[in-house]
S.K.: 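The structure's right below; bear with me while I get my questions together.
Note that ligands are numbered from 1 as they come in the structure, with each ligand's atoms numbered from 1 the same way.
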Amino acid sequence: MGQPFPPGFLWGASTAAYQIEGSPLADGAGPSNWHRFAHTPGLVRGGETGDVACDHYRRWRDDVALMREIGLKAYRFSISWSRVMPEGARLVNERGLDFYRRLVDALVEAGIVPMATLFHWDLPAALEDRGGWLNRDSADWFADYASVVFDALDGGVRLWATLNEPWVVTDGGYYHGVLAPGHRNAFEAPIAAHNLLRAHGAAVAAYRARAPVRSAIGIVVNLAPKHPASDSDADRAAARRGDAYMNRQFLDPVFLGRYPPELPEIFGRAWPQLPDADFNAIRVPLDFVGVNYYTRNVVRGDAKARPDGARAVRQPALHTDMKWEVYPDGLTETLRMVRDRYGPVPLYVTENGAAFADAKPSEGIVDDPLRVAYLREHVAASRRAIDAGVDLRGYFAWSLLDNFEWAEGYSKRFGIVRVDYRTQKRTLKRSALAYRDIIQSNGAAV
Ligand code: FCB
C-alpha cells in the first residue's frame with residue numbers, strides 16, 4: 001500500500017454530451033455542428049454518428065447507479081448547447097435544461113460532485129451558419145448561453161469548465177479539417193483560437209458578475225510534453241514550436257495575457273492582427289485548470305509537418321489503439337510544468353485514459369489488463385506531482401463508458417465500463433474494479 005492522496009481528493013470519471021447521450025434532436029433540441037459533421041458521408045469512420053451513442057439521454061439513471069457502484073466521488077460531463085438553446089442564441093429550451101437538472105440532482109443525491117463542461121466541441125449548427133468561432137460575436141453567444149446554464153445549475157454543479165481542449169477544436173476542426181466543422185484553413189485556425197479564448201473570458205466574467213457565486217470555474221486544456229528526438233538544434237526548435245502551438249497557445253493568453261512568441265513564426269502570414277484590449281478580457285483569474293493528459297510527443301524538425309514543423313517520431317514503447325505512446329512520467333512533467341509556468345493554481349487531471357481493443361465480456365466482466373496498468377501508472381504519476389508540491393485536487397478517468405470517439409466512431413474503446421452498442425448493456429471492466437479499490441483507499445491501493 002502506498003500513501004493515501006490528500007483528504008477530499010476528487011476521484012472521478014469524464015464523458016461528453018455528443019459522445020454518450022444519443023437522442024440529439026429530442027425534446028426540442030436543435031442540431032449541433034457535430035450532428036451535421038457525422039451525418040456528412042465520409043467524415044466519420046464507418047459513417048457512424050452520435051444518434052444513439054450510449055443512449056445516456058434515456059439511461060442516465062442506470063449510469064448514475066454505475067458511478068455509485070464504482071464509488072466515484074465526482075463526475076465530469078458536458079452540456080449540449082443546442083439542447084439548451086436550439087438556435088444557439090435567444091430561445092431557451094427548458095426541456096433540454098431539465099435533462100441536466102435531473103442529472104445534477106441525481107448526482108448530488110448520490111454524493112457525487114458534478115463538474116460540467118460548457119463546450120465540449122458540439123456547437124449549435126445555427127451558430128456554425130453564422131460563422132461559428134470565426135465570428136467575433138461568438139464570445140457573447142457563449143457568455144449568454146453560459147449564463148442560462150449557470151442560472152439553472154450553479155450550486156448543484158460545483159466545478160464549471162468553460163471550454164474543453166480548444167487546441168483540438170482549432171487544430172482538428174479548422175486547420176486539418178478532421179473534426180467539426182471540417183475546415184482546412186491556416187488563416188482560420190488562429191482566429192478561431194482567439195475567439196474561443198475571448199468566449200472563455202466572457203463566460204468567466206459573466207460568472208463572476210453573479211451574486212451569489214456558489215461554485216468554481218476554470219478551463220480544460222490538453223497538454224503533452226514535446227521532447228526533441230535528438231540534441232540537434234533543428235529538433236530542439238521543433239519541440240519548442242510544438243510546445244508553443246499545443247501547450248502554450250491557450251494557457252499563455254489566459255495567465256500571461258499574450259500569445260507565445262513562436263506563434264507568429266508558426267502561422268507566418270496567416271497570423272492575424274489582434275486588438276490589445278482582447279487580452280484583458282482573456283486574462284481573468286481562474287479557480288482551477290483542468291489538464292487532459294494522454295501521451296507525449298517525441299518530435300523532429302520537419303517543415304512539412306504543418307503547422308508547427310514538428311514531426312512525431314514513434315518510440316519503441318507500448319502504444320494504445322489511438323497510436324498514442326503510454327508515457328506516465330509525462331503526466332508528472334506536465335502538471336509540474338503548469339505549476340512552474342503559471343503559478344500555484346489548483347489543478348485537476350480532467351481526462352486520462354487509454355483505448356485498447358478489449359476482449360468480449362466473460363463471466364460478467366471484461367478483462368482489460370493494459371487499461372488497468374495504464375490507470376495505475378497514471379494515478380502513481382499524479383501522486384508524484386503532488387509529492388513535488390503541485391496542488392492537484394482530483395483525477396478523472398476518461399472515460400466512464402465506451403463511447404463515440406469523434407472521427408473514429410465507435411472503433412476506439414476508452415471506457416472503464418464496456419458498452420455493447422447492440423443491446424446497450426453495460427459491463428464493468430477490471431479497470432473499473434481497480435479504480436474502485438483506488439478510490440476506496442484514497443489512492444493508497446495503487
Ligand atoms: C480528448 C477529448 C475527449 C476524448 C478523448 C479520447 O481529446 O476531450 O472527448 O475524445 O480525447
S.K.: Return the closest protein heavy atom for atom 10 (O) of ligand 1 as residue, atom name and distance.
M.R.: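 For atom 10 (O) of ligand 1, the nearest protein heavy atom is Glu405 OE1, 2.7 Å.
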S.K.: Evaluate whether atom CZ of Arg58 has more than 12 neighbouring non-hydrogen atoms of other residues, nucleotides or ligands under 6.0 angstrom away.
M.R.: no
S.K.: Does Arg336, at its CZ atom, have more than 12 non-hydrogen atoms belonging to other residues, nucleotides or ligands within less than 6.0 Å?
M.R.: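 Check fails, neighbour count at 12 or below.
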S.K.: Any atoms of ligand 1 less than 4.0 Å from a non-hydrogen atom of Phe414? List them with their elements.
M.R.: 6 (C)
S.K.: Tell me, please: is Met322 in heavy-atom contact with ligand 1, that is, under 4.0 Å?
M.R.: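 Contact absent.
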S.K.: Check for me whether Asn222 has a heavy atom closer than 4.0 Å to any atom of ligand 1.
M.R.: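 Judged by the 4.0 Å heavy-atom criterion, Asn222 does not count as contacting ligand 1.
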S.K.: Check this for me - ligand 1, Trp121, N or O atoms closer than 3.5 angstrom, yes or no?
M.R.: no
S.K.: What is the ring orientation for Trp34 with Tyr18, classed by angle as parallel under 30°, tilted 30 to 60°, or perpendicular over 60°?
M.R.: tilted
S.K.: May I ask you to list the atoms of ligand 1 that are less than 4.0 angstrom from any heavy atom of Gln19?
M.R.: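 Every atom of ligand 1 under 4.0 Å from some heavy atom of Gln19: 3 (C), 4 (C), 9 (O), 10 (O).
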S.K.: How far is atom 7 (O) of ligand 1 from its nearest protein heavy atom, and which residue and atom is that?
M.R.: Glu165 OE1, 2.5 Å
S.K.: Could you tell me which atoms of ligand 1, counted from 1 in the order shown, lie closer than 4.0 angstrom to a heavy atom of Trp406?
M.R.: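 Heavy-atom distances to Trp406 below 4.0 Å select 3 (C), 4 (C), 9 (O), 10 (O).
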S.K.: Are there more than 12 heavy atoms of other residues, nucleotides or ligands under 6.0 Å from atom CZ of Arg158?
M.R.: no
S.K.: Return the residue, atom name and 0.1 Å-rounded distance of the protein heavy atom closest to atom 2 (C) of ligand 1.
M.R.: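 It is Glu351 OE1, 3.3 Å.
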S.K.: Any chance the side chains of Asn403 and His56 put a donor and an acceptor closer than 3.5 Å?
M.R.: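 Looking only at side-chain atoms, His56 and Asn403 do not form any donor-acceptor pair under 3.5 Å.
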S.K.: Does the gap between the ring centers of Tyr395 and Tyr348 come in under 6.0 Å?
M.R.: no
S.K.: Looking only at protein heavy atoms, identify the closest one to atom 5 (C) of ligand 1 and say how far it is in Å.
M.R.: Tyr294 OH, 3.2 Å
S.K.: Please list, in number order, the atoms of ligand 1 under 4.0 Å from a heavy atom of His120.
M.R.: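 Counting atoms of ligand 1 from 1, those under 4.0 Å from His120 are 2 (C), 3 (C), 8 (O), 9 (O).
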S.K.: Any idea which atoms of ligand 1 are less than 4.0 Å away from a heavy-atom of Asn164?
M.R.: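 Heavy-atom distances to Asn164 below 4.0 Å select 8 (O).
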S.K.: Applying a 4.0 Å heavy-atom criterion (strictly less than), which segment of Lys412 is in contact with ligand 1: side chain, backbone, both, or neither?
M.R.: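 Within the 4.0 Å criterion, Lys412 makes no contact with ligand 1.
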S.K.: Taking the six-membered ring of Phe356 as reference, does the cationic atom of Arg371 (NZ for Lys, CZ for Arg) lie under 6.0 Å from its centre and within 45° of its axis?
M.R.: no
S.K.: Might you work through the salt bridge (charged side-chain N to carboxylate O under 4.0 Å, His left out) test for Glu69 and Arg436, ending with a clear yes or no?
M.R.: CA-CA 8 Å; Glu69 198 178 331; Arg436 189 182 61 192; 5.5 Å; no
S.K.: Just by distance, with hydrogens left out, do Glu188 and His183 show a side-chain donor and acceptor under 3.5 Å apart?
M.R.: yes
S.K.: Below 3.5 angstrom, do we get any N/O pair linking Trp398 and ligand 1?
M.R.: no
